[in-house]
Structure formats: structure tokens, C-alpha cells
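The structure appears right after this line, and notes come after that.
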Amino acid sequence: MSPGPVLDLSLDAVERTRQPLERATQLPGAAFTEPGVLDWELAHLFGHEWVCAGHVGALQQRGDYLTVQLGGDSVIVIADDDGLPRAFRNACRHRGARLLDAPEGRVGRLQCPYHAWSYGFDGSLRNAPFTDGLVDFDKTCFGLHQVRLAVVEGLILLDLSGDAPPTDAHVGDLREVLARYRLGELRRARRIVYDVHANWKAIAENYSECLHCPGVHPELNRLSHYLSGHLFDGAGAWCGGSMELAEGADTMARDGGESGRPPITGLREADLRTIAYYLLFPNALISLHPDYVMLHTLWPRGTDRTEVVCDWLFEPATIAAEGFDASDAVDFWDQVNREDWEVCRLTQLGMRTAGYVEGRYTTEEDDVHRFDLMVADRYADALARAPQEAGR
């Protein structure tokens, strides 16, 4: 059996990132530019841990589906006959053709476009033309390969390996926060998909600090001062912090949210003046607003390319209300997103420069360091094991 991708990084360089913030050096540049590192991340960080595929609101009716692509792996997530989400490898059991190629949609049945093998929404093989005369052919042995799936407060989590720790350990204390914002009950009002010319980790780091906000996002900084708020602590594979709304602003939106949308039912008084930003490792960015939630999912497409899917989620009653218009929130964040993608692109270009040497963190980049620690700890564990495994 192939040992899989090799992580070609210096353990010494990784250990420098694992130092306390005041002494730490940022992740080595090769972590952002070397294809072998991305191959390792796809196999281990995305292939052996829980990954967020999106929000369960995309699967409202039987046959609703979404597909996700991770390296060479494609997965279908589909609502079964009872409306419950199931996940399967997106490959026909006959000759491997991809069953569904669109990012999302609705189908009446799962039928291979090549030779018409068809499957139930439970993954079972229902019809396989011209197989009746085969010896030892048992349809029950040729269902779609299932992928481990869990729904946690509306987030669809996938474990491609089947051996990730329980979701309670992964999501940890964040679950209670997501429940308070009724994330599982919210529904999507808008989606924008971005093609960002930067490494997925550069986007995650950018999300984890607002030191750049006065210069890059002046409109955002007017609604929420870049040094406001505090960091969150708790169990689970996540990091995060808050920012406080400025006087006169009701949410993050054009003109500070003058649409008059009601807040999410059941929020605490303090939540009404706070925007909370959480990064659930490795690929979910969850932004909690008084009246809506914004969810980004990050999908690596190369060392210097990431597909970012951004959903805006509101309470169903808010969406159904007469005159509902999400454009003030969507347009605001679409501008901020594109401003972020540009500085991430510039960062990626700079890291490719000959002689680039990773820099130091500032004292206001604690959450960036927390994200980098989640990455570096996994790098270090693999690098420490590599000599032992090579000697076997």
C-alpha cells in the first residue's frame, strides 16, 4: 500500500510556529507554495478529519443534493426518501463515472449518465442493465460507497476516512454557541462562489485578524472598530473572537443595517451588539450577526487557488416577510470579501518571491497564531512520526 503524500517541511521551522506568540515565527513559506504540502493536507487535514460541506438548508426535499470536491475525491450529499442527508462517493460502481457533476440541484433518481446504472437515495444499487446472467453478481454488494456524515447545528460535516474522532470532540464548546443562533433552523437567502488566487491557509489567517481592516475595509471599520471585542476560548478544533458594533450600527450591512430586520430569536442582549467570528478547522468560517449568519467554506484547488463558497443564512420567517431584501448584507460582505481576496492574492505572490522568509506575529494576531497552531501541531506530529515509519 502506498504510504501517501510525504510532508516535505522542516520540523525546526514548524516548531518555531509552535512557540508562544511572543516568540513564534509564522508558518514556513513552503506550507503555502509547495504542491507536496497541499497534497499532504488534502490527504490528512481534509481526508482524515471532519470537513464542513455546507449547510443543511440546501437539502430541504427528497433528492436535493450538493457535491464537494477535495483533490481527486468527489462526494455527493443528498436528501434520502425521508429527507435525511446521506453522503456517498461520487462514482458509479460499474466503471467509475461521476454520477452528479453540478455543485447542487435536485434529482428524481440517481442514475449514471454513462451506462444507466441507478441507485436509491440510500446508496443501494437498484438497476444494472445486462447483469442478470453474470456469475456471483450480487446487487447488494454494489451499492455506492458511503461517506461518514454528521449534522451539527445545521453544519454538514463529512469524514472521508471514517475514523475521525467524534464530532463532539471536534466542534466542542462551539456547538452551544451555534445552537444559540439557531443555525440549524436558518435558511439560505443568497450564495456567491469565489475563485481566490491564494492558499486556503492564507484566507483562514486573514479571516482571523482585523489589523488590516482600517486600510483594506474602511466601511467595515466604520461599523466595528478593528480593536474592539475579545477572543473566545473553549474545547474543540476552532478559534474565534468578537467585534463590537459601533454606535448607530445594528448589524454588518450597508448603512449599518437600516433594513429593520428582526434579530435572530432567542439571542442574548449582548449578542445584539456583537459580531462573532469562528473558524471551525479546517475549512468553515462562521460569522454570527444579530440578524443573520454568514458561512464560508474553503475548498483548496491548488497551492495558490481556493474556491470559497459563501452563504447568507436568515430565519425562515425573516425571509418570508413582505419586502425581505438581503442585498444590504450581501453587497456589504461581497465588497469586503473581494477586498480580502485581493490582499490574500498579494500575500500569495509575495510568498513565492525568491528569498522570502516567514515573519513574526504581532501581539494583535493571537487568533492567527491559534489557527496556525492547529496546522503546525498536525505538521509536527506527522514529521515526528516520519523517521519511525521510514525505518519499518
Side-chain angles (χ1 to χ4, degrees), residues 52 54-55 181 183 186 188-229 231-232 239-259 261 264 271-280 283-299 305-314 325-349 364-365 367-368 371:
C52 181
H55 187 267
Y181 281 78
L183 183 56
L186 304 187
R188 186 175 78 196
R190 284 285 302 277
R191 161 173 287 192
I192 299 178
V193 180
Y194 302 93
D195 181 11
V196 184
H197 291 262
N199 188 274
W200 70 278
K201 296 185 298 298
I203 297 169
E205 290 176 340
N206 175 82
Y207 179 80
S208 300
E209 54 92 356
C210 207
L211 281 180
H212 65 282
C213 288
V216 178
H217 310 306
E219 187 172 356
L220 184 153
N221 195 55
R222 181 176 62 83
L223 299 179
S224 182
H225 191 274
Y226 76 108
L227 293 180
S228 67
L231 296 176
F232 301 131
C239 57
S242 68
M243 293 178 67
E244 304 299 326
L245 287 167
E247 184 176 351
D250 294 324
T251 189
M252 287 294 201
R254 296 287 191 204
D255 300 320
E258 295 182 353
S259 68
R261 278 189 300 270
I264 294 171
D271 297 330
L272 304 182
R273 305 300 308 160
T274 299
I275 313 297
Y277 301 94
Y278 290 92
L279 188 156
L280 179 62
N283 75 320
L285 315 179
I286 310 163
S287 306
L288 306 174
H289 300 68
D291 55 332
Y292 67 94
V293 171
M294 181 173 62
L295 172 66
H296 295 82
T297 51
L298 311 182
W299 304 100
R305 275 193 63 216
T306 306
E307 180 180 290
V308 181
V309 179
C310 185
D311 289 336
W312 285 263
L313 307 162
F314 296 80
D325 183 2
S327 61
D328 61 330
V330 174
D331 292 350
F332 172 84
W333 277 113
D334 182 44
Q335 175 183 324
V336 172
N337 284 339
R338 294 177 191 277
E339 291 165 349
D340 277 332
W341 309 154
E342 174 60 11
V343 292
C344 289
R345 182 186 72 86
L346 296 174
T347 299
Q348 188 71 32
L349 289 174
E364 293 294 330
E365 292 176 298
D367 225 32
V368 178
F371 168 75

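Here the structure is a predicted model, which is why all the values come from computation and not from measurement.
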Min side-chain heavy-atom separation Leu186-Tyr292 under 4.5 Å | no
d(Glu247 CD, Leu223 CG) to nearest 0.5 Å is 13.0 Å
Could you walk me through whether Ser224 and Glu244 pass side-chain hydrogen bond (donor to acceptor under 3.5 Å, both in side chains), step by step?
-> CA-CA 6 Å; Ser224 182; Glu244 304 299 326; over 6 Å; no
Could you tell me which residues satisfy ring pair (Phe, Tyr, Trp, His ring centres under 6.0 Å) with Phe232, sequence neighbours excluded, listed by chain and number?
-> His230, Tyr278
Passing option when Cys310 is tested against Met294, Arg190, Arg191 for side chain to side chain contact (heavy atoms under 4.5 Å, CB included) | Met294
Taking all non-hydrogen atoms of both residues into account, name the closest pair between Glu365 and Leu211 and its distance.
-> CG-CD1, 3.8 Å
Which heavy atom of Phe371 sits nearest a heavy atom of Ala204, and at what distance?
-> CZ-CB, 3.5 Å
Given side chains that start at C-beta, do those of Asp271 and Tyr181 come closer than 4.5 Å, heavy atoms only?
-> yes
Does the side chain of Leu280 come within less than 4.5 Å of Ile286's, by heavy atoms?
-> yes
Kindly compute the distance separating SG (Cys52) from NE2 (His296), expressed to the nearest 0.5 Å.
-> 12.5 Å
Determine, using ring centers only, whether His289 and Trp333 are less than 6.0 Å apart.
-> yes
Got a second to check how far Lys201's NZ is from Asn283's CG, nearest 0.5 Å?
-> 13.0 Å
Taking the side chain as C-beta and beyond, is there a heavy-atom pair between Asp367 and Tyr277 under 4.5 Å?
-> no
Closest non-hydrogen atoms of Met243 and His225, given as atom of the first, atom of the second and distance, are CE-O, 3.4 Å
d(Ser327 OG, Asp334 CG) to nearest 0.5 Å is 11.5 Å
Passing candidate, side chain to side chain contact (heavy atoms under 4.5 Å, CB included) with Ile192, options Val308, Val330, Asn337 | Val330
Val336 and Glu219, any side-chain heavy atoms less than 4.5 Å apart | no
Got Arg261 and Asp328 here, is their nearest side-chain heavy-atom distance under 4.5 Å?
-> yes
Taking all atoms of both residues into account, what is the closest heavy-atom pair of Ala202 and Cys344, and its distance?
-> O-SG, 3.9 Å
Measure across Leu220 and Cys213 and return the closest heavy-atom pair with its distance rounded to 0.1 Å.
-> CD2-SG, 4.0 Å
Hey, does the side chain of His197 reach the backbone of Leu349 with a donor-acceptor pair shorter than 3.5 angstrom?
-> no
Are any non-hydrogen side-chain atoms of His212 and Tyr226 less than 4.5 angstrom apart?
-> no
When rounded to the nearest 0.5 Å, the distance separating OG1 of Thr306 from CH2 of Trp341 is 9.0 Å
Spell out, as yes or no, whether a donor-acceptor pair under 3.5 Å connects the side chain of Gln348 to the backbone of Asn199.
-> yes
Where Ala246 and Arg273 come nearest, the two heavy atoms and their spacing | O-NH2, 2.9 Å
Compare all side-chain heavy atoms of Leu245 with those of Ile275 and state whether any distance is below 4.5 angstrom.
-> yes
Separation between CG (Asp311) and OG1 (Thr297), nearest 0.5 Å, reads 7.0 Å
